[in-house]
Every structure is written in C-alpha cells, then in structure tokens.
Amino acid sequence: MAVGTESTIPYSREQSLLLVGEGDFSFSSALATVLGRPFELISTSLDSEGLVRAKYAQSIKAVSNLKNCGAKIYYDFDATRNIFSNTQRFDRVIFNFPHAGYFKKPEWVKSVIFRHQDLILRFLRNASTMIRSDGEIHVTIQNYDPYNRWNIAELARKCGLRVKGLPLFDFSSYPGYCNRRGSGRRPGRTFPVRIGGQGRAVSECLSESFAGL
C-alpha cells in the first residue's frame, strides 16, 4: 500500500478513543484540545501516577487539561491486557511510538528488534478485542531502519488484522505534543525524529491503521 501524502487528523469528537503508552500525556492533551470536548477519550500510561510526575514535570499541565476536557486517565495500564468490560468497544485504539525499553544494545540488534515485535504483537492481539466492528488500531513508528524492520504489517496479519492505511504523522497537527523517552538513561527527554519537508515531522513517520479482515 502506498504511503499517503496528506497529513490530517484522522479522529473526530464523535469517536470513542483509547490512547495507550502515553508518556507525559502531551499527545492526548493536544488531541483533546484540537477536537474540543471529545465524546469519549481515555488516555493511559504504563507508569504509576507518581512515576509519571517524576519523569515528566510537564505532565501536570497536560493531565489537568485532559480532565478539563472530560477525558479519563488510567495509570499502571498494560497495553497488552484488556481491563475493560466485554461490552466496551472503541472506534480507535492509538499507540504512538511503541517501544519495549532499552536493553544496553543498539536498536538494530536482532534480539532487540524481537523485543519490540513481541510488544507490538501482544498489543495488537489485545487491541483487536477492544475495537468495534468498524474500528481501527493506529500505530505510529519512524519509517526507516531499524524501525521498519519490525514488520508491523506482518504482525497485524498474525492477529487477523489488515493494513487499512498509511497516513503520514504530522506533529504540527497536535500543538503542544512532544515525543519523550519512557526509559533508559534519559527518561523524559525527547528523542530524535527525522523532519520532513517544510519543517514538519511527516515524511519519516507513519501512523499505520489496522482493521479486522
């Protein structure tokens, strides 16, 4: 499937949205602000509330904005496990820049690639049980080596999912969003993302969309 050239927000306030793997909650906060008061937005972090505050001082403002927008916030949330009721389903489940952690080895080492693939595979399996029949799962990654060796499309097929689209991810569409490291020697620091034309981080980042077969 060809990579798209448009970079627009593929979400609306009428949708029920679940965001997993949030760091400082700046993406959730930016999305909530852009959409206005969403119908249903749940933002989650693997970390505890205390750890989020310790790693990301700026999270306090983002969390406050989310609450003002009517969003729900879950801490200690494992994206590979479904804690919701069997009847709760989402229109979109979103995971931006998934990362299994730092293992004191380069990112291109096969064992490290396998760790990331394992995380994404377990996430996709879980997320596939949480979307509506017409729902989608969005995973944003950097589209160059070694990240493109994760072969997310193949992982999705193992979960009974198909690639529905490859829209470009435009940071400028989400004012206030800043990608940050969740672990390693510099947790809380931003990590480099290749910048596309006109100063936008779009050409090297894809937000892959998956839906049921």
Side-chain angles (χ1 to χ4, degrees), residues 7-13 15-49 51-53 55-79 90-100 119-120 123-124 127 130-131 135-143 147 152 165-183 186-196 199-202 204-210:
S7 181
T8 58
I9 296 177
Y11 310 111
S12 72
R13 70 178 65 187
Q15 294 172 334
S16 57
L17 307 173
L18 173 64
L19 293 92
V20 306
E22 286 288 275
D24 63 358
F25 289 97
S26 63
F27 178 79
S28 297
S29 177
L31 180 59
T33 299
V34 170
L35 293 180
R37 193 176 181 89
F39 167 69
E40 181 179 20
L41 190 154
I42 298 177
S43 183
T44 71
S45 172
L46 178 64
D47 295 329
S48 66
E49 182 175 4
L51 190 54
V52 167
R53 285 173 174 260
K55 289 198 294 188
Y56 315 106
Q58 63 280 357
S59 67
I60 297 174
K61 182 178 180 180
V63 168
S64 176
N65 182 57
L66 282 168
K67 291 179 178 179
N68 290 336
C69 290
K72 296 179 181 179
I73 299 171
Y74 288 40
Y75 298 97
D76 299 302
F77 184 91
D78 185 346
F90 299 93
D91 294 302
R92 302 290 186 269
V93 178
I94 306 160
F95 199 168
N96 290 324
F97 303 107
H99 200 275
L119 168 64
I120 294 171
F123 159 70
L124 290 173
M130 296 192 291
I131 56 174
E136 297 178 9
I137 303 166
H138 292 185
V139 181
T140 302
I141 65 166
Q142 300 191 63
N143 188 36
Y147 308 104
I152 296 181
L166 296 172
L168 298 171
F169 186 90
D170 187 351
F171 277 64
S172 67
S173 295
Y174 307 96
Y177 171 49
C178 183
N179 54 299
R180 297 187 184 278
R181 300 177 188 271
S183 60
R186 296 178 294 174
R189 299 283 187 90
T190 187
F191 57 86
V193 174
R194 291 187 183 178
I195 301 299
R200 299 187 303 165
V202 293
E204 299 293 348
C205 294
L206 299 178
S207 186
E208 303 197 40
S209 304
F210 303 103

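Not measured: the values here are computed from a predicted model. By convention here, the first residue in the shown sequence is residue 1.
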Report task. Would you give the length of the straight line joining atom CD1 of Ile94 to atom CD1 of Ile42, rounded to the nearest 0.5 angstrom? Result -> 11.5 Å
Query raised in the report: Residues in side chain to side chain contact (heavy atoms under 4.5 Å, CB included) with Ala62, at least two apart?
Result: Phe25, Ser29
Query raised in the report: Is a side-chain N or O of Ser45 found less than 3.5 angstrom from the main chain of Gly23, in a donor-acceptor match?
Result: no
Query raised in the report: With a 4.5 Å limit on heavy-atom distance, are the side chains of Pro10 and His138 in contact?
Result: yes
**Report entry** Shortest non-hydrogen contact between Ile9 and Ser173, atoms and distance
**Finding:** CD1-O, 3.4 Å
Query - Tyr75 vs Leu51 side-chain heavy atoms within contact, under 4.5 Å - result: no
Query raised in the report: At their closest point, which heavy atom of Asp91 faces which heavy atom of Gln15, and how far apart are they?
Result: OD2-CA, 3.3 Å
Query raised in the report: How long is the span from the CZ atom in Phe77 to the CG atom in Leu19, to the nearest 0.5 Å?
Result: 10.5 Å
Query raised in the report: Does any non-hydrogen side-chain atom of Tyr11 lie less than 4.5 Å from one of Val34?
Result: no
Query - Nearest-0.5 Å distance, CD1 of residue Ile141 to CD1 of residue Ile152 - result: 4.0 Å
**Report entry** By ring pair (Phe, Tyr, Trp, His ring centres under 6.0 Å) - contacts of Phe90 (at least two apart)
**Finding:** Phe84
Query raised in the report: Going by atom types alone, do Asp76 and Ser48 pair a side-chain donor with an acceptor below 3.5 Å?
Result: no
**Report entry** Distance in Å, Asn65 CG paired with Ser26 OG, rounded so as to fall on 0.5 Å steps
**Finding:** 11.0 Å
Query raised in the report: Is Arg92 reaching over with its side chain to a backbone N or O of Leu17, donor-acceptor style, under 3.5 angstrom?
Result: no
Report summary line: All heavy atoms of Ala32 vs all of Leu66, minimum pair found to be CB-CD2, 4.0 Å
Query - Sequence-distant partners of Ile60, side chain to side chain contact (heavy atoms under 4.5 Å, CB included), two or more places apart - result: Arg53
Query raised in the report: Excluding sequence neighbours, so at least two apart, what forms side chain to side chain contact (heavy atoms under 4.5 Å, CB included) with Asn68?
Result: Ser64
Query raised in the report: Looking only at heavy atoms, which two atoms of Lys55 and Asp47 are closest? And how far apart?
Result: NZ-OD2, 2.8 Å
**Report entry** Interatomic distance, Ile137 atom CD1 to Leu124 atom CG [nearest 0.5 angstrom]
**Finding:** 5.5 Å
Query raised in the report: Would you say the side-chain atoms of Glu22 pair up with the backbone N or O of Ser28, donor to acceptor, closer than 3.5 Å?
Result: yes
Requested in this report: List for me each residue that meets ring pair (Phe, Tyr, Trp, His ring centres under 6.0 Å) alongside Phe27, sequence neighbours excluded, and say none if there are none.
Outcome: Tyr174, Tyr177
Query raised in the report: What pairs with Lys61 under side chain to side chain contact (heavy atoms under 4.5 Å, CB included), at least two apart in sequence or on another chain?
Result: none
Query raised in the report: Considering only heavy atoms from C-beta outward, does the side chain of Val52 approach that of Val63 to under 4.5 Å?
Result: no
